[in-house]
Amino acid sequence: MFANEQAVSVDTLIPECQKRFDEGLRLVGVSVVELKKDDAFDLLYHFDKDLELSHLRLTVPRLEPVPSISGVYFPALLYENEIKDQFGVNFQNILIDFGCTLYLEPEVVKSPFCTFTYVKKEKGKEEA
């Protein structure tokens with residue numbers, strides 16, 4: 001656990017991010033940790049104001065959709081696309097979704113930093 005850390009749920013993530021945006025905090029990063037024993041991910045959102053860091057922690061099951069915060073913090077779309085590419089986290093409604101090709105070539109079928117296979121479906125069908 002970090003100092004100044006708050007746990008959030010899928011339902012409270014965007015309102016908590018909006019609250020921080022309205023208070024003038026800037027998003028400085030998003031980290032992900034694979035929780036193998038729980039078959040889940042910890043997503044850590046890092047914020048700064050006046051050199052004081054605060055963090056939101058979202059724990060989600062592996063295939064559960066995660067709402068994008070790019071509607072609140074536009075630059076988050078880069079963090080989210082990178083995490084989607086590298087770990088296969090299922091972000092929903094990213095303002096600009098690179099479809100797992102921000103860093104990866106289209107023929108890559110396994111998320112490099114994750115222990116499960118991310119299967120790409122044909123265009124127009126859902127991704128797992």
Side-chain angles (χ1 to χ4, degrees):
M1 296 284 277
F2 290 110
N4 297 324
E5 179 182 311
Q6 177 183 341
V8 293
S9 68
V10 168
D11 295 330
T12 61
L13 174 63
I14 292 177
E16 286 297 332
C17 287
Q18 185 66 56
K19 177 182 167 189
R20 282 159 177 72
F21 181 85
D22 294 344
E23 292 172 354
L25 279 76
R26 66 186 184 97
L27 179 69
V28 295
V30 180
S31 304
V32 63
V33 176
E34 183 181 16
L35 305 172
K36 293 179 187 177
K37 71 176 185 143
D38 296 329
D39 200 33
F41 293 106
D42 261 354
L43 292 164
L44 298 141
Y45 297 83
H46 313 286
F47 301 90
D48 168 70
K49 184 172 183 181
D50 301 327
L51 300 176
E52 185 174 328
L53 290 175
S54 62
H55 315 275
L56 295 177
R57 180 183 297 264
L58 174 65
T59 303
V60 292
R62 183 175 307 284
L63 297 177
E64 183 174 323
V66 176
S68 170
I69 66 165
S70 60
V72 178
Y73 286 99
F74 180 76
L77 71 90
L78 291 171
Y79 296 124
E80 292 169 344
N81 274 286
E82 178 180 10
I83 291 168
K84 188 173 183 178
D85 280 9
Q86 304 298 326
F87 289 88
V89 173
N90 187 13
F91 285 102
Q92 299 291 300
N93 302 314
I94 303 174
L95 289 181
I96 302 173
D97 189 342
F98 288 91
C100 292
T101 58
L102 178 65
Y103 292 117
L104 303 177
E105 297 296 323
E107 63 272 4
V108 174
V109 295
K110 181 172 171 40
S111 298
F113 298 134
C114 202
T115 58
F116 74 100
T117 301
Y118 182 84
V119 179
K120 293 184 185 177
K121 303 281 183 172
E122 291 180 28
K123 190 171 186 170
K125 295 184 180 178
E126 286 190 54
E127 295 177 357

Item to complete: Enter the distance from Ile94:CD1 to Ile69:CD1 here, rounded to the nearest 0.5 Å.
Response: 10.5 Å
Fill in: Within-4.5 Å side-chain heavy-atom neighbours: Ile14 and Val72
yes
Worksheet item: Who are the salt bridge (Lys or Arg N to Asp or Glu O under 4.0 Å) partners of Asp38, not counting sequence neighbours?
Response: none
Discussion item. Contact between Pro65 and Gln92 at the side-chain level, heavy atoms closer than 4.5 Å - yes or no?
Written reply: yes
Discussion item. Is the shortest side-chain heavy-atom distance between Gln86 and Glu82 below 4.5 Å?
Written reply: yes
Worksheet entry | All pairs passing side chain to side chain donor-acceptor pair (under 3.5 Å) where residues 69-79 contributes a residue, at least two apart | Ser68-Ser70
Fill in: Linked, directly or transitively: Leu56 and Leu53 (ILVMFWY side chains, under 4.5 Å)
no
Worksheet item: Are Phe74 and Leu43 connected in the hydrophobic side-chain network, where two residues link if heavy atoms are under 4.5 Å apart?
Response: yes
Item to complete: Drop me the distance from Glu80's CD to Ile96's CD1, to the nearest 0.5 angstrom.
Response: 11.5 Å
Worksheet item: Side-chain contact, heavy-atom cut-off 4.5 Å: Phe91 with Asn81?
Response: no
Worksheet entry | Residue list, side-chain hydrogen bond (donor to acceptor under 3.5 Å, both in side chains) with Ser54, at least two apart or on another chain | none
Practice prompt. Could you state whether Leu95 and Val89 fall into the same hydrophobic cluster, counting links through intermediate Ile, Leu, Val, Met, Phe, Trp or Tyr residues with side-chain heavy atoms under 4.5 angstrom apart?
Written response: yes
Worksheet item: Thinking salt bridges, do Glu16 and Arg20 make one under a 4.0 Å N-O criterion?
Response: yes
Worksheet item: Is Val10 linked to Tyr45 within one hydrophobic cluster, defined over Ile, Leu, Val, Met, Phe, Trp and Tyr using a side-chain heavy-atom separation of less than 4.5 Å?
Response: yes
Practice prompt. Only pairs at least two apart or in different chains count here, so list each salt bridge (charged side-chain N to carboxylate O under 4.0 Å, His left out) that has a residue in residues 22-33.
Written response: Arg26-Asp48
Practice prompt. Look up atom OG in Ser31 and atom CZ in Arg57, then write down how far apart they are to the nearest 0.5 Å.
Written response: 9.5 Å
Item to complete: Check side chain to side chain contact (heavy atoms under 4.5 Å, CB included) between Val33 and all other residues, then give those that pass, not counting sequence neighbours.
Response: Leu35, Asp42, Leu44
Worksheet entry | Heavy-atom check, side chain of Asn4 versus side chain of Glu52, under 4.5 Å | yes
Worksheet item: Residues two or more places apart in sequence or in another chain: which of them pass side-chain hydrogen bond (donor to acceptor under 3.5 Å, both in side chains) with Glu64?
Response: none
Worksheet item: Can you find a pair of side-chain heavy atoms, one from Arg62 and one from Phe41, that are under 4.5 Å apart?
Response: yes
